[in-house]
Amino acid sequence: MLDIKVIRENVQWAKDKLASRGVQATEIDEVIALDEQRRALIVKTEELRKKRNTASEAIAIAKRNKKDATEQIAAMKNVGTQIKTLDSELATVKEKVNYILVRLPNFPDDSAPVGPDESFSREERQWATPREFDFEPLAHWDIGEKLGILDFERAAKVAGSRFVYYKGAGARLERAVYNFMLDQHAQEGYEEMITPYLVNNESMFGTGQFPKFTEDVYTMTNEGEPMTLIPTAEVPLTNFYRDEILDGAQLPIYFTALSPAFRSEAGSAGRDTRGLIRMHQFNKVEMVKFTKPEESFKELEKMTADAENILKALKLPYHVITLATGDASFTSAKTYDIEVWLPAQNTYREISSCSDCTDFQARRAQIRYRDEDGHVNLVHTLNGSGLAVGRTVAAILENYQNADGSVTIPAPLVPYMGGMTKIDVK
RNA sequence: GGAGAGUUGGCAGAGUGGCAAUGCAACGGACUCGAAAUCCGUCGAACCGGCUUAUACCGGCGCGCAGGUUCAAAUCCUGUACUCUCCUCCA
């Protein structure tokens, strides 16, 4: 959520910033007009409340002195109702302000390329050259099925499309990959967490998925209480400190967690229908940081590097791009996407997305810290995948495939595979 | 699932309708070479608004949350969340 004061005091700036994210200027005018109404009503009610407080005190004194206060009480009789009327008006206006405010995206950072879609994104760097194959590389779903380690058909029978069974060495590989990632991040100072996989609406609001993106997730009911299957561990990790004031000396705080991520993929029918790329349920190792405002962009660079280190260790070619203003997520001020090379698709595909959400989520979730002077400020929150596990497995299968159909296990994963160096055709 | 108790400041803790006690901690000062102890003083988070160069000043709000009753609610009424104890069940 944006700070209405910032919008109010920098109207044109706010309009320009948000225009690059597809927000109409009229929406800003509207929210400012409503905010003015809101403040005018606050002044009115507060004047009445002050009047009531003064009168109440006089009545209390009169009663204490056993004097008659009937007249004063009668005089105050309708003040209470006036306050109530104004209060309900105020509540309505507040709701209107909020309706717009909670649906406005974060201000993009100046360093993000301006543009409406991914064609405006900027490549920052490339790492490693894609391998030259002396045979036609197979897609990971074909490799997985030939090796008997991925079963999409039975998953479709049991659950539906966009689900998968990992079998045998495949399941072991998935587990090896996320254990390796968690161990790496633990060494980089992230505290490992296991989180709830179902969260309440307040949490979904706190990280910015709700109220705008309800159709992207699976929601169910527990005794009438709506619960959502997490679309990313960012939700439970960031909401960990919701409604809390942290000690500034503890910052920055780093968390990491493996979790399944559940996504309805509404509107993506026909895209990536095969393989592990786009699933309703997939594992992801997530990184989340809470930082002081002045440190968040520096921490974004570090977090992106932490994600890149996994790919470097696994020797998977990738490049890093900065998303264009119109392409970045709702909550993000700046996002780096890391895309891994998939030989069979002959292209880079997203495997991580690292975002600095500045104070946008912190304001929604009310996550603050007390600095050395005792002042309370909003923290900055960051999140990034480190990495999407299923897509990493897909990248390993494709980049490490051999002419005989086998797949070599990347060296750092061998200990996690119980010494296995290769997955052979059975 | 059943029964009971609780939720007030950074912490402890009083308060059954009329300005939210008190203690500890914290902060400022005195004493001291310095510190501790002692003494004096300040301090009710966070939030919102007004006036602002301002973190100054003024006001509102504020006793888990949301409603209600009342001239007036921490206090009375209704609903609700969470925590704890006991019983029951359970991986």
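In what follows, chains are A, B, ... by sequence order, proteins preceding strands, each numbered from 1.
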| query | Measuring from Phe282(A):CZ to Leu276(A):CG, what's the distance to the nearest 0.5 Å? | reply |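 Here the rounded value is 11.5 Å.
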
| task | Could you say whether Arg8(A) or Ile245(A) is positioned toward the 5' end of RNA chain B, judged by the nucleotide with the nearest heavy atom to each? | result |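 With Arg8(A) and Ile245(A) compared, the 5'-side residue is Ile245(A).
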
Could [X] and [Y] be counted as a cation-pi pair, given that NZ or CZ must be under 6.0 Å from the ring centre and within 45° of the axis?
X: Arg364(A); Y: Phe205(A); result: yes
X: Arg103(A); Y: Tyr99(A); result: yes
X: Lys17(A); Y: Phe107(A); result: no

Spacing between [X] atom [atom1] and [N] atom [atom2], to the nearest angstrom:
X: Tyr241(A); N: A46(B); atom1: OH; atom2: C1'; value: 19 Å
X: Arg370(A); N: C27(B); atom1: CZ; atom2: P; value: 14 Å
X: Asn98(A); N: C48(B); atom1: CG; atom2: P; value: 13 Å

| task | Please collect all salt bridge (Lys or Arg N to Asp or Glu O under 4.0 Å) contacts where either partner lies in residues 180-204 of chain A, sequence neighbours excluded, each pair once. | result |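 Listed by first then second residue: nothing to list.
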
| said: Once pairs are restricted to Watson-Crick or G-U wobble with both distances under 3.5 Å, how does RNA chain B read as a dot-bracket string, [ ] for crossings and | for other-strand pairs? | reply: ((((((((.[[[..)..(...]]].(((((.......)))))....((((......))))...[[[[[..)....]]]]])))))))....

| message | Heavy atoms only, 4.0 Å cut-off, all strands: where does Lys5(A) land among base, sugar-phosphate and nothing? | response |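 Sugar-phosphate contact only.
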
| request: Assign a letter to each nucleotide of nucleotides 59-78 of chain B from its 5' end: B, base within under 4.0 Å of a protein heavy atom; S, sugar-phosphate only; -, no contact. | output: BSS-------S-BS------

| query | Between Arg368(A) and A45(B), does any side-chain N or O lie under 4.0 Å from OP1 or OP2? | reply |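 Arg368(A) to A45(B) OP1/OP2: no side-chain N or O under 4.0 Å.
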
